[in-house]
2 protein chains.
Amino acid sequence: MANNQFKRGELYSVINAMAAAAIARRMQKNFRTAGLEITIEQWSILYHLWKEDGLNQQQLCDKTFRDKPSITRLIDNLVKLSLVERKVSQTDKRVNYIFLTETAKNLQDQTIEIANQTMDEALIGISKAEIETVKNVLQKVYDNLNNQ
Amino acid sequence: MANNQFKRGELYSVINAMAAAAIARRMQKNFRTAGLEITIEQWSILYHLWKEDGLNQQQLCDKTFRDKPSITRLIDNLVKLSLVERKVSQTDKRVNYIFLTETAKNLQDQTIEIANQTMDEALIGISKAEIETVKNVLQKVYDNLNNQ
DNA sequence: TTTGAATAGTTGCATAAACAACTATTATGG
DNA sequence: CCATAATAGTTGTTTATGCAACTATTCAAA
C-alpha cells in the first residue's frame, strides 16, 4: 500500500506535536492563571537548581538536553527577571555557576505544585505501568540517537 | 521526601526535551546529509499534503496540532521555497487550499524514506507493543488536555 | 615551556512556537 | 434584510531552538 510507507515517520509528529506540546501549553496556561510570569523553559532550569543550586551552565545543558547557546540565553532571561545570578568560578574562569535568588527560591513550592497538577490532568486514565513504559521507551530513543 | 514532589513534573521535560527533540534533530541532520534543505516542520506539512493534496490551512492546523499563525508562516516559507501554492477557494473566499508543486511531489519518496530510516534508528530495541503503548498514552494525554 | 587540543561559554542568523489582536468573509437568528 | 456571531486566515511581539563561528581559559604532550 502506498500509504504504508508513512506509518513509521508519523510517530515523530505524534510524539512531538501532540503530547509534549500539549503538556507545555497547559503548564504555561496554569502558570499564567496563577499569576506566574515565567515560561516553562525557564521553569525547567529553575527546577534543576531547586534540586541542586549552583550548577554550571554545562551541567544545565546535560540535565535539560539543551545546547550551550540555549542555556546561555535562558540564563540571560532568568538574570533579567532577577531569578538567578551568574558567578564565575574562582578556580576555573571558563565556568559560570548559576545561583537562585531569594525570589526564585520562593517560587519553588507553588510552581512545582502547579506542574504536578498539570501532569495529573494529563495522566488521567493512564496506569503507572504505562507511564513507566513511556519513560523507558523515550529513554531508549534518546540513547539510540545520542550514545554512539 | 522533599525530592518526591519533583517526580511527576519531571515527566514533562523527559517527554519533551528528550525523545521528541532528539528525533527532530536526527531527522533534520539526515535530511541535510541527503542534501535536502527543508526543515522537519516544513516536512511535516508536506507529509500531510502527500497523503491528501489541496488541504486548507485549518485542516493542516488540525492534522499537525499547530495553531493558525504557525501554519500561516510555515506555508509562507513553503511558498518562498516553491514547494506549495495557495489557491483561494472560489466558493468560500476565506479559505486557502494548499497544493504541492511538482518539486515537492518529487521529494516525497526520498524524504519519507529518510524519515522512516530515522525512526528505525530511534526505535532500535523497542518492541511493537511498547510503541503501541507510547502512542496510546500520548493520545490519551492529548485528549485529556484538549477534549473538554 | 610552549603549542595545539579540549572545554566553557557567547554571538549571529534563520526558523518556529504561543498568544493576542486584527481583517475579511460567511452563517445565522430575529 | 440586517446585525451579530462564527470561521479562516494574517500580523505583531516575545521566547526559544539549532547550527556555525567565535572568544577565553585550561589541559596535555612534545
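Keep in mind that what you see is a predicted model, and the values were worked out from it rather than measured. The sequence lines fix the lettering, A, B, ..., with proteins before strands; numbering per chain opens at 1.
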**Prompt:** Does dA16(C) have OP1 or OP2 sitting under 4.0 Å from an N or O in the side chain of Thr39(B)?
**Reply:** yes
**Prompt:** Are the charged groups of Arg66(A) and Glu41(A) less than 4.0 angstrom apart, N to O?
**Reply:** no
**Request:** Could you verify whether a donor N or O on one side chain and an acceptor N or O on the other, from Gln58(A) and Asp62(A), lie under 3.5 Å apart?
**Result:** yes
**Main-chain N/O of Leu49(A) paired with Glu52(A) side-chain donor or acceptor, under 3.5 Å** = no
**Request:** Please answer whether the main-chain N or O of Thr118(A) pairs with a side-chain N or O of Asn30(A) as donor and acceptor at a distance below 3.5 Å.
**Result:** no
**Prompt:** For Ile75(A) and dA8(C), what is the distance between atoms CD1 and C1' respectively, to the nearest whole Å?
**Reply:** 13 Å
**Message:** Taking only side-chain N and O atoms of Arg73(B), does any of them lie within less than 4.0 angstrom of OP1 or OP2 on dA18(C)?
**Reply:** no
**Complete:** Residue pair Arg32(B)/Asp92(B) against DNA chain D: nearer the 5' end by closest nucleotide is Asp92(B)
**Item:** Whole-Å distance separating the CD1 atom of Ile71(B) from the C1' atom of dT7(D)
**Value:** 16 Å
**Message:** Please check this pair: side chain of Gln28(B) against backbone of Ile38(B), looking for a donor-acceptor N/O pair closer than 3.5 Å.
**Reply:** yes
**Contact under 4.0 Å: Arg94(A) side-chain N or O vs dT26(D) OP1/OP2** = no
**Request:** Report the distance from atom CG of Asn96(A) to atom P of dA8(C), rounded to the nearest whole Å.
**Result:** 12 Å
**Request:** Please check the phosphate of dA8(C) (OP1 and OP2 only) for any side-chain N or O of Gln59(A) closer than 4.0 Å.
**Result:** no
**Asked** Between atom CD1 in Ile45(B) and atom C1' in dA16(C), what is the gap in whole Å?
**Response** 11 Å
**Item:** Glu41(B) side chain, from C-beta outward: closest of dA18(C), dC19(D), dA16(C)
**Value:** dA16(C)
**Fill in**
Rounded to whole Å, the CD-P distance (Gln58(B) to dT26(C)) equals 16 Å
**Request:** Give a yes/no on whether any side-chain N or O of Asn77(B) is located under 4.0 angstrom from OP1 or OP2 of dT15(C).
**Result:** no
**Message:** Taking 4.0 Å as the cut-off, does a side-chain nitrogen or oxygen of Arg26(A) come that near to OP1 or OP2 on dA18(C)?
**Reply:** no
**Message:** Check the phosphate of dA17(C) against Gln28(A), side-chain N and O only, distance under 4.0 Å to OP1 or OP2. Yes or no?
**Reply:** no
**Item:** Protein-nucleotide distance (Lys93(B), atom NZ; dT10(D), atom C1'), rounded to Å
**Value:** 19 Å
**Request:** Specify the separation, in whole Å, of atom CD of Gln42(B) and atom P of dT17(D).
**Result:** 19 Å
**Prompt:** Between Gln57(A) and dT10(C), is there a side-chain N or O to OP1/OP2 distance below 4.0 Å?
**Reply:** yes
**Between P of dA8(C) and NZ of Lys68(A), the distance in whole Å** = 5 Å
**Item:** Residue whose nearest DNA chain C nucleotide is more 5′ - Tyr97(A) or Ser70(B)
**Value:** Tyr97(A)
